[in-house]
There are 2 protein chains.
Amino acid sequence: MSTRLPVAERRAQLVDAALTVAAEEGIAAATVRRVAEEAGVALGVVHYCFDDKDELFTALAARIVDELAAAGSSGLAFDDGPPDLPTALRCAVAALWESIEASAGAQLLTYEITTHALRNRELRGVAVRQYEVSHAAAEQVLTLAAEASGATWTRPVAELAGEALAFVDGVTLRWLVDGDGGAARARLAEFAGYLATQARTRRRKRVR
Amino acid sequence: MSTRLPVAERRAQLVDAALTVAAEEGIAAATVRRVAEEAGVALGVVHYCFDDKDELFTALAARIVDELAAAGSSGLAFDDGPPDLPTALRCAVAALWESIEASAGAQLLTYEITTHALRNRELRGVAVRQYEVSHAAAEQVLTLAAEASGATWTRPVAELAGEALAFVDGVTLRWLVDGDGGAARARLAEFAGYLATQARTRRRKRVR
DNA sequence: GTCTATAGTTGGATAGAC
DNA sequence: GTCTATCCAACTATAGAC
């Protein structure tokens with residue numbers, strides 16, 4: 001069974017395995033042993049690739065943050081010409097929620113990572129980075145939506161992004177608990193409506 | 001050291017100890033052993049009082065939810081006569097935030113309890129109850145604020161409470177990560193402002 | 001009825017084999 | 001440089017003492 005592999009590839013493989021286990025069964029289930037088993041390697045291999053369980057955890061968190069950043073930068077595509085701001089926001093929210101609803105385990109995992117990181121002084125940076133990336137993604141979406149619809153935010157985008165992030169976070173957690181996707185969507189739609197009041201519309205390019 | 005105690009009192013004492021440990025060091029640190037140590041009793045005593053670690057956890061969660069319900073029902077007091085709605089909301093938010101900011105460990109613990117409960121089928125009810133109580137508390141605050149200021153919500157209170165709860169949840173978690181109390185307060189104030197637009201003012205009792 | 005002493009399991013880490 | 005075999009600590013749970 002012992003297919004020798006360069007350490008970098010092993011690390012990637014192990015982080016994959018850790019993600020699989022943690023998303024499905026929770027962070028507590030992602031023990032060094034369980035991750036090794038999932039990856040099909042002996043226990044000690046994990047400790048050869050990572051100094052420490054914390055280091056494996058940090059790598060896992062980094063990987064999730066990377067995915068988050070990638071998802072954020074995928075952006076909105078408006079093929080039918082420039083929409084108005086409410087429409088753009090509705091699209092953004094719909095796309096966001098679709099991706100959330102399709103990955104409950106991963107969503108729950110991000111909350112677990114946050115709390116776990118907050119409880120361990122050395123891991124605090126993990127939680128901070130998580131939010132920096134999320135915040136940047138939120139700002140980007142808001143900026144793109146405004147640009148696409150030819151509107152201008154009347155308040156700093158950073159503030160709006162902070163509020164949006166908090167709201168989405170809270171709505172998602174609530175949804176994980178009650179499983180009510182309709183209610184979650186309604187809440188997000190309401191917030192999108194609020195956001196639309198925080199911009200003023202510039203003269204629009206005429207659609208021919 | 002063996003002061004014999006009736007089981008009900010021991011249970012209460014142990015839940016106290018569990019709360020102390022969990023709020024300070026996280027739910028993962030609240031092992032049966034650590035709780036016994038904190039309470040100053042032998043390890044086995046915990047297993048005599050609780051069938052199971054899960055039962056101790058459930059008791060801990062119930063105790064936190066009770067406190068939450070109590071805090072919610074403490075209500076708002078407006079000694080200076082009926083305020084207008086924006087003022088009432090500002091007061092409610094300020095009081096809420098003060099209590100949150102004073103108990104970071106307990107706040108973080110509630111998130112840990114939620115995620116932990118969501119990862120264990122048998123404990124799902126714990127998370128659901130947590131949110132039912134929070135939601136009820138939110139509805140109560142909104143209703144009281146409207147009554148005190150002689151206003152009427154133009155949307156179902158349940159919807160507004162759901163949005164408020166989500167937002168407060170998200171803001172709190174963000175604050176636990178970045179420690180920026182000012183930003184948190186600003187976000188909450190903004191939301192209070194939004195809420196005020198969701199009501200219409202009835203004729204006001206004149207203040208003499 | 002209340003508590004103590006002990007068993008059995010699972011986890012993180014390492015010394016050393018290949 | 002990569003992996004295996006082994007160690008030790010910490011945890012949950014229980015059998016039985018008082």
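Only a predicted model underlies this, so the values are computations on that prediction, with no experimental measurement involved. Order of the sequence lines sets the chain letters (A, B, ...), proteins ahead of strands, with each chain counted from 1.
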| field | Length of the line joining Leu14(B):CG and dC3(C):C1', which is rounded to integer Å | value | 12 Å

| request: Answer with base, sugar-phosphate or nothing: what part of the nucleic acid does Val41(B) contact at a heavy-atom distance below 4.0 Å? | output: nothing

| note | For Trp175(B) and Ala184(B), the nearest pair of non-hydrogen atoms, with its separation, is CB-CB, 4.2 Å

| request: Using a 4.0 Å cut-off on protein heavy atoms (strictly under), produce a 5'-to-3' string for nucleotides 13-18 of chain D with B for base contact, S for backbone-only sugar-phosphate contact, and - for none. | output: BB----

| note | Nearest heavy-atom approach of Gly181(B) to Trp97(B) is O-NE1, 4.3 Å

Show me the donor-acceptor pairs within less than 3.5 Å that the side chains of residues 161-172 of chain A make with the rest of the protein, sequence neighbours left out.
{"unit_1": "Glu163(A)", "atom_1": "OE1", "unit_2": "Arg155(A)", "atom_2": "NH1", "d": "3.4"}
{"unit_1": "Glu163(A)", "atom_1": "OE2", "unit_2": "Arg155(A)", "atom_2": "NH2", "d": "2.5"}
{"unit_1": "Asp169(A)", "atom_1": "OD2", "unit_2": "Tyr131(A)", "atom_2": "OH", "d": "2.5"}
{"unit_1": "Thr172(A)", "atom_1": "OG1", "unit_2": "Val168(A)", "atom_2": "O", "d": "2.7"}

| message | If I compare all heavy atoms of Leu195(A) with all of Trp153(A), which pair ends up nearest, and what's the gap? | response | O-CZ3, 3.3 Å

| said: Looking at every non-hydrogen atom in both residues, tell me the closest pair between Leu89(A) and Ala192(A) and how far apart they are. | reply: CD1-O, 3.6 Å

| Looking only at side-chain N and O atoms, does Arg10(A) come under 4.0 Å of OP1 or OP2 in dC3(D)? | yes

| request: Could you state the atom-to-atom distance from CZ of Arg34(B) to P of dT12(D) in whole Å? | output: 12 Å

| query | Roughly, in whole Å, what's the span from CD in Glu38(A) to P in dG11(C)? | reply | 14 Å

| field | Tyr194(A) and Glu190(B) side chains, donor-acceptor separation under 3.5 Å | value | yes

| request: Return the residues of residues 111-126 of chain A meeting this criterion: a heavy atom under 4.0 Å from some atom of DNA chain D. Order them by number, or give none. | output: none

| said: Evaluate Arg33(B) against Glu37(B) for salt bridge (Lys or Arg N to Asp or Glu O under 4.0 Å), listing each step before the verdict. | reply: CA-CA 6 Å; Arg33(B) 277 188 128 81; Glu37(B) 187 194 6; over 6 Å; no

| said: Using every non-hydrogen atom in the two residues, find where Arg119(B) and Leu108(A) come nearest and quote the distance to one decimal. | reply: NE-CD2, 3.5 Å

| field | Between C1' of dC11(D) and CG of Leu56(B), the distance in whole Å | value | 14 Å

